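Note that the coordinates shown come from a computational prediction; the quantities given were computed from them, not determined experimentally.
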Amino acid sequence: MELVAVSDRAPAEALKSSGVPLVLVAITSLQFGAAIAGTIFDEIGAAGTSLLRSLFAAAILLAVWRPSLRGRSARDLRLVALFGLVLGAMNLCIYESFARIPLGIAVTIEFAGPLGIAVALSRRRLDLAAAGLAAVGIVLLADPGGGAVDAVGVLLALVAAGCWAVYILVAQAASRVWSGGRGLAVAMGVAVLVPLVPGIAGAGSDLLDPRWLAIGCAVALMSSVLPYSLETEALRRLPANVFGVLMSVEPAIAAIAGWVILDQSLGARDIVAIALVTAASVVVVRAAPPPAQA
């Protein structure tokens, strides 16, 4: 099959084919969904909210894609199981983190995960410089030794960062062997297992309250079904390192969502730090060569 390079005279078509718009819509939906989730942490806890999100997301994705496990190799099943466990752990840890620290700060620290992917996979000095710029922003937000940010919240965000790094690689591998959103649907079914025990232990019968169920369903749609479906498609079009650093616009969106929905304000240092991380994303995306199209 002949490969035709995208012309420099058609930047709009290049961006569209590259998957960049998919990532941006996914980020916006995910972070505003996360902010909405934060509104019920006091009622059912972060783990309970994570459980409702996973349950509804799994139910919707499984109903839409109806994946079959028949004929699948043991390798494919292990891969999708790992995908689900990493996905569940990432979601639970980041929810527990921003139950303790502002959403924008938690998500920016979590970006250490895709930042690590960018450093590990990049062969260009510009990507490494951008990753260093983002690292400075993350350190500023973590405030080591300053005591202004909850240490447990920072630690949980870092654990989520590690899960995010593995998620990028595993999701990309899964997208090659599971067509459409079938791999994601199976993985989300596995992800439910991670917050199951802590969610039930913390919230109990309150999980069945219609109010929290309705919010949990909305969060599942905004923070799982839509963004992960779009990200899975974007990972088919973008190199993992470019995808990883592109996701660094997420802290800025998270800060906006936290301010609009949760009334979380940020200090001048926080804003500068988030701007550094976002600038790193802009540098990488502008410098990335246009992808080839089949």
Spell out, as yes or no, whether a donor-acceptor pair under 3.5 Å connects the side chain of S29 to the backbone of P227. no
Side-chain touch Y95/V219, heavy atoms, less than 4.5 angstrom: yes
Of all the heavy-atom pairs spanning V149 and L141, show the shortest one and how long it is. CG2-O, 3.6 Å
Looking at G267, is its backbone amide N or carbonyl O close enough to the side chain of D270 to form a donor-acceptor pair, meaning the two atoms are under 3.5 Å apart? yes
Do L184 and S229 have side chains that get closer than 4.5 Å, going by heavy atoms? yes
Heavy-atom closest contact (I94 atom, A106 atom, distance): CD1-O, 3.8 Å
Provide the closest heavy-atom pair for E233 versus R237 in the form atom of the first, atom of the second, distance. OE2-NE, 3.1 Å
Please check if atom CH2 in W259 has more than 12 non-hydrogen atoms from other residues, nucleotides or ligands closer than 6.0 Å. no
Could you walk me through whether L87 and M188 pass the side-chain contact (heavy atoms from CB on, under 4.5 Å) test, one step at a time? CA-CA 7 Å; L87 184 58; M188 189 59 72; 3.5 Å; yes
Do L69 and L85 belong together in a cluster built from hydrophobic side chains that touch within less than 4.5 Å? no
From CG (L103) to CG (L262), nearest 0.5 Å: 6.5 Å
Carefully, step by step, assess V186 and W65 under the rule side-chain contact (heavy atoms from CB on, under 4.5 Å). CA-CA 9 Å; V186 176; W65 289 103; over 6 Å; no
I'd like to check E43 versus T49 (side-chain heavy atoms, cut-off strictly below 4.5 Å). Are they in contact? no
I109 CD1 to S97 OG distance, which is reported to the nearest 0.5 Å: 6.5 Å
Looking only at heavy atoms, which two atoms of S224 and A57 are closest? And how far apart? CB-CB, 3.5 Å
Supply the atom-to-atom distance Q172 CD to I117 CD1, rounded to the nearest 0.5 angstrom. 9.5 Å
Would you say that S179 contacts R182 through its side chain, given a criterion of any heavy-atom pair below 4.5 Å between the two side chains? yes
Hydrophobic clustering (ILVMFWY, side-chain heavy atoms < 4.5 Å, transitive) - are I200 and I215 grouped together? yes
Is L92 reachable from V225 through a run of I, L, V, M, F, W or Y residues, each pair having side-chain heavy atoms under 4.5 Å apart? no
Does any non-hydrogen side-chain atom of I105 lie less than 4.5 Å from one of F98? no
Looking at side-chain heavy atoms only, is the closest gap between Y228 and L61 below 4.5 Å? no
So which atom in A191 and which in S54 form the shortest heavy-atom distance, rounded to 0.1 Å? O-OG, 4.4 Å
Does I138 share a hydrophobic cluster with V159, counting links as ILVMFWY side-chain heavy atoms below 4.5 Å and allowing steps through other members? no
Do the ring planes of F111 and W164 sit parallel (below 30°), tilted (30 to 60°) or perpendicular (above 60°)? perpendicular
To the nearest 0.5 Å, atom CD of E250 lies from atom OG1 of T28 at 9.0 Å
Just jot down the ring pair (Phe, Tyr, Trp, His ring centres under 6.0 Å) partners of F83, sequence neighbours excluded, or say none. Y167
L226 side chain reached by L221 side chain, heavy atoms, under 4.5 Å: no
4.5 Å side-chain heavy-atom contact, L62 and P67: yes
Mind listing the closest non-hydrogen atom pair of Q31 and V107 along with its distance? OE1-CG2, 3.5 Å
Starting at CG of L238, measure out to CD of E231 and round the result to the nearest 0.5 Å. 11.0 Å
Evaluation steps, side chain to side chain donor-acceptor pair (under 3.5 Å), between S50 and R53: CA-CA 5 Å; S50 178; R53 168 186 173 179; over 6 Å; no
Gap separating the CZ atom of R269 from the CD1 atom of I271, nearest 0.5 angstrom: 12.0 Å
Do V139 and L156 sit in the same hydrophobic cluster, where Ile, Leu, Val, Met, Phe, Trp and Tyr count as joined when their side-chain heavy atoms come under 4.5 Å apart? no
